[in-house]
Amino acid sequence: MGKASILIVLKVLMVLICTGWISLWLLKPTNFWTRKWKGAEASARDTVFGYYGLDFAVYTFPVIALAMIGLVYLNLQPWEHRSSVEILAVFLFILFLAWTFYKRISQDFEKLTPVESLKLDLWQLKYLRVATRFGLLAEACLALLLLPILRGLAVFRILGIQFEASVRYHIWLGTAMICFATFHGASTLFIWGISHNILDEITKWQRTGRIYLAGEITLVTGLIMWITSLPQIRRKRFEIFYYIHHLYIIFIVFFLLHAGDRHFYMIFPGIFLFGIDKLLRITQSRPETYILSARVYPSKAVELILPKDSRLRYTPTSIIFLKIPSISNFQWHSFSITSSSTVDNHRMSVIVKCDGRWTSSLYDMIQAELDSNADKMKCIPVAIEGPYGPSSMIFLRYDSLLLVAGGIGITPFLSILHEIAAAQSSCRYRIPSRMHLIYVVKKSQDIGLLNSVSTLLQNHPSQKWHLKIKVFVTQEKQSGATVGEILSETSQVQTVHLGTKGPIYAIHGPESLLRIAALAGIASIVFFVFVICFNNIFVPSEKKSVHSLRVALSSKNKAPKETSPSWIADILIISSFIISLACTTLVAIILRWRKVKKEIPLVSQREEKAKELGSTETKGAVEEHEVHFGGRPNLEDVFSKFLNETDGSNIGVLVCGPESLKRAVASLCQQKSQWFNSRVQKKKPYLSFHALNFTL
């Protein structure tokens, strides 16, 4: 079977699994599904698998299988991003929520019966049912909540959506979940208050069924996490947001105790994949490595040089997550890679803008080493996750490129420029015939971040490279200065070569996609085996109640109550999950240590000094670029001129910077694309827009 045939088979399998899982969610609120599923669970009780094995196989495993097959597919061929599919998925999910609520509440109102213990009026009973069904909407959001923030096992990569872009769905789903859950909890408390039973109900820990106290703990924990994740707190007090967000463990455990194991299997796929992904990332970040050297820019930015395995390849605009234990043992921060793996075989670099508390601590640490006269420099150990990035270089598919950067948003474009320069020298790829870089900064000293590509600008004249840079300095007024002159003025980049201790471990990157898929399969099998074994050992009463359950179903009576406390099944799920994660982690550690190369060659001092010397040569070809002072660029004028110069070609627009800049560029792209598409009468998009994210 050829590669094309394998890809077709994998794609068909993914479509079938996805369609089946969505159909399951759509059918779940119907009476038809309820009758059939009760019968299926009754039949499963006769077998060694039990209802818990059936629930895992039907509700949980399809998403895990989809992730595994998707990774195999991506290993063979990258999946291109389709914004239309993304929009359609959001629209269908909203329709699904409306359908679920309508179907559930209409059935509830048809068979509404008074609850003797509560003594409620008809409207109060209806309101209580509405509140209950809002809890199911929160459950649906929770089922998808963790999928957008997966990195190695990223399901969203199947749609071509990278981690930086998919995070917004985590935010939207989390906000919707908290809104639904808050209405569910507050309305339930309101009804309990009306019935004068609030003190009895609020502290109740039932033997079977829904545990109210666990639900209250879940809601309070979720509200605390959501409030501390608001932009006003997250941006100013990142540490508070970061640490409190780890309460998700308490949130998930108490949700399980509140909702029960049958409901938990519906939302378990995201939790299962997240747990594996988290442990794989921890394994990947071991052993720690060291910062080889650092370069301090006048704009209070620091470029970190890290060791990289020569076999590691990543695409431009990729990011890494970095932890420096001497600053914090728990905080991870993401940064765009500014180097190219095509150019640098043994080194990787990132530029950090030092504005926050964590980054300022890093700046002070590097600055202290520069100011010291010690013979032996300090060692700075670091842990690295990644790189994570697009599976293909989308910018090479365009005839012309327009890059728009604001402030530290220039960092992903530096890696693009390095890659394009390398491609031009080797003639391996077809590169864009025309490129414009619009760079907006507040102060002229911020232009110094272009210092890392000044050698490229020097060695590749704009006539040969077809690159034009226009810099706009918004908060300074000056006349007659050129990019080369400003780079010369701001090129006082200080470099410090840091010390090392023991062997230096290179950054090897994540495990291969095939290995990650295999590890997910191992974890699934281990969980399935242990949850079946535990239930057969600790919940033997399930088998004894089969006959009475079937009699109840055939006579349309209520099923017999469980003889064992419901929380026992919940504890067995948690135990099985922990064991599956432990076994998977053990296998991952073995694979990791087989992959890690003990020592790597250090970059020689001569090579480092040559790089520094080359980076200060900013005359000649650099003078061909423009710098403007005293205002922001007229983006509409910039777009119009660029589009007129490239009439009839396929244009890619990439933007990275503040949200206001992204929105302005996106709006202009939409306007210009419609006008030029109609003018040149092209069937395919004339103007393609991509927004890149960055971390300060």
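When reading the values below, keep in mind they use all heavy atoms of this one structure, side chains included, and skip hydrogens, waters and symmetry mates. All values reported here derive from a predicted model rather than from experimental measurement.
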Between [X] and [Y], is any pair of side-chain heavy atoms under 4.5 Å apart?
{"X": "Val473", "Y": "His628", "result": "no"}
{"X": "Arg151", "Y": "Arg281", "result": "yes"}
{"X": "Glu385", "Y": "Ile320", "result": "no"}
{"X": "Leu76", "Y": "Ile6", "result": "yes"}
{"X": "Tyr169", "Y": "Phe156", "result": "yes"}
{"X": "His333", "Y": "Leu322", "result": "no"}
{"X": "Arg295", "Y": "Asn451", "result": "yes"}
{"X": "Glu659", "Y": "Arg663", "result": "yes"}

Check: Is the shortest side-chain N to carboxylate O distance from Lys442 to Asp446 below 4.0 Å?
Finding: no
Check: Under 4.0 Å between a Lys/Arg side-chain N and an Asp/Glu carboxylate O for Asp309 and Arg311?
Finding: yes
Check: Hey, do the aromatic rings of Phe642 and Phe639 have their centres closer than 6.0 Å?
Finding: no
Check: Any idea how Phe321 and Tyr388 line up, ring-wise: parallel (<30°), tilted (30 to 60°), or perpendicular (>60°)?
Finding: perpendicular
Check: Quick one: does NZ or CZ of Arg234 land under 6.0 Å from the six-membered ring centre of Tyr242, within 45 degrees of the ring axis?
Finding: no
Next item on the list: With Lys300 as the cation and Tyr363 as the aromatic partner, state whether NZ or CZ is under 6.0 Å from the six-membered ring centre and within 45° of the axis.
Entry: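 That pair qualifies as a cation-pi contact.
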Checklist line | Least distance between heavy atoms, Leu370 atom then Val496 atom | finding: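 Leu370 and Val496 have their closest heavy atoms at CD2-CB, 3.6 Å.
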Next item on the list: Work out which heavy atom in Leu449 is nearest to a heavy atom in Ala301; give both atom names and the distance.
Entry: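 Smallest interatomic distance, heavy atoms only, reads CD2-CB, 3.8 Å.
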Note to self: The test is side-chain contact (heavy atoms from CB on, under 4.5 Å); show your working for Ile171 and Leu173 and say whether it passes.
What the structure shows: CA-CA 6 Å; Ile171 297 172; Leu173 287 167; over 6 Å; no
Notebook entry, point to check: Is the backbone of Pro316 close enough, under 3.5 Å, to the side chain of Ser415 for a donor and an acceptor to pair up by distance?
Noted result: no
Notebook entry, point to check: Step by step, would you call Leu304 with Phe335 a side-chain contact (heavy atoms from CB on, under 4.5 Å)?
Noted result: CA-CA 11 Å; Leu304 306 179; Phe335 300 100; over 6 Å; no
Notebook entry, point to check: How about Arg235: does its CZ atom have over 12 heavy atoms from other parts shown lying under 6.0 Å from it?
Noted result: no
Note to self: Just to verify, which of Ser339, Ser341, Ser340 counts as forming a side-chain hydrogen bond (donor to acceptor under 3.5 Å, both in side chains) with Tyr314?
What the structure shows: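 The single option meeting the side-chain hydrogen bond (donor to acceptor under 3.5 Å, both in side chains) with Tyr314 is Ser339.
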